[in-house]
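See structure below.
Just so it is clear: chains get the letters A, B, ... in the order the sequence lines come, proteins before strands, and each one is counted from 1.
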Amino acid sequence: AQSVTQLGSHVSVSEGALVLLRCNYSSSVPPYLFWYVQYPNQGLQLLLKYTTGATLVKGINGFEAEFKKSETSFHLTKPSAHMSDAAEYFCAVTKTSGSRLTFGEGTQLTVNP
Amino acid sequence: DVKVTQSSRYLVKRTGEKVFLECVQDMDHENMFWYRQDPGLGLRLIYFSYDVKMKEKGDIPEGYSVSREKKERFSLILESASTNQTSMYLCAIRDRVAEQYFGPGTRLTVT
């Protein structure tokens with residue numbers, strides 16, 4: 001079975017500071033990994049995904065994540081936080097393109113002026 | 001762009017009522033999913049469907065059923081709504097490389 005752990009249900013940063021949201025997964029086979037963002041009262045939107053190839057993945061809105069197999073991690077980063085980044089972020093894993101997604105519990109990001 | 005629509009954004013129902021939540025996609029994808037989202041629990045899979053009239057239970061199917069009579073439409077049914085089913089319900093579809101596209105969600109309150 002796969003699982004996803006997001007460290008920190010709430011993260012608070014200042015505007016302009018580095019954003020780091022942590023995600024660790026467990027999977028018995030090479031995974032596909034995703035980060036989604038959810039703004040208030042909306043559905044989830046894909047930020048970025050890792051399937052194969054380059055382990056550093058760039059997504060929308062300046063976010064990127066690095067797949068580290070040895071650490072079973074897929075942490076999300078952004079060099080400089082913007083007020084509009086305040087939202088809830090979900091990490092998700094699946095085994096293959098034919099499998100269902102397993103989501104982490106989510107991390108609420110607050111950006112302070 | 002992929003479009004996933006859900007029949008209602010907000011819904012208030014009474015305990016014991018039968019509730020229908022509908023999800024419609026415009027991209028002819030086989031795989032559709034229903035999740036519920038609760039604070040601190042993330043998204044939990046209720047049911048999914050990989051083709052017309054085909055369905056599989058997810059992690060929390062108790063108290064729910066589903067219907068998929070046409071490829072573009074996937075319905076979630078609460079046979080007898082209870083207060084512990086108050087939640088945000090999200091529908092999603094999946095493309096060929098496992099990316100899921102979500103609808104805007106239905107916030108259901110059962111009183």
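- Ion pairing of B:K71 with B:E30 is present here, as a side-chain N (NZ or NE/NH1/NH2) and a carboxylate O approach within less than 4.0 Å.
- Within the 4.5 angstrom heavy-atom criterion, only side-chain atoms of B:R107, from C-beta onward, approach chain A.
- For chain A, the nearby part of B:L45 is the side chain; its heavy atoms alone come within less than 4.5 Å.
- Using modelled atom types and a 3.5 Å distance limit, the side chains of B:Y101 and B:R94 yield no donor-acceptor pair.
- Both the backbone and the side chain of A:L44 come within contact range of chain B, each with at least one heavy atom under 4.5 Å from a heavy atom of that chain.
- Contacts between B:D38 and chain A at a heavy-atom distance below 4.5 Å are absent for every atom of the residue.
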Evaluation steps, ring-ring contact (aromatic ring centres under 6.0 Å, His included), between A:Y36 and B:F102
CA-CA 10 Å; A:Y36 284 86; B:F102 285 82; 5.5 Å; yes
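- Side-chain contact, A:S3 with A:S26: a donor N or O sits under 3.5 Å from an acceptor N or O.
- Heavy-atom neighbours of chain B within the stretch residues 103-113 of chain A, taken at a separation under 4.5 angstrom, comprise A:F103, A:G104, A:E105.
- For B:C91 against B:Q6, the heavy-atom pair with the smallest separation is N-OE1, 3.2 Å.
- Note: B:R9 leads B:R44, B:R9, B:M88 in heavy-atom pairs under 4.5 Å with chain A.
- With a threshold of 4.5 angstrom between heavy atoms, B:E56 does not approach chain A through any atom at all.
- Of the two parts of A:Q45, neither the backbone nor the side chain holds a non-hydrogen atom closer than 4.5 Å to a non-hydrogen atom of chain B.
- At a 4.5 Å heavy-atom cutoff, the contact between B:Y35 and chain A is made by side-chain atoms alone.
- Distance alone, capped at 3.5 Å, places no donor-acceptor pair between the B:T109 side chain and the B:T86 backbone.
- Donor-acceptor pairing under 3.5 Å is recorded for the side chains of B:S49 and B:R68.
- Across every non-hydrogen atom of A:Q6 and A:F90, the tightest pair is OE1-CA, 3.5 Å.
- No donor-acceptor pair under 3.5 Å is formed between the side chain of B:T106 and the backbone N or O of B:L108.
- Only the side chain of A:Q38 comes within less than 4.5 Å of a heavy atom in chain B; its backbone stays farther off.
- Taking the six-membered ring for Trp and thresholds of 30 and 60 degrees, A:F74 and A:Y50 have ring planes inclined between 30 and 60 degrees apart.
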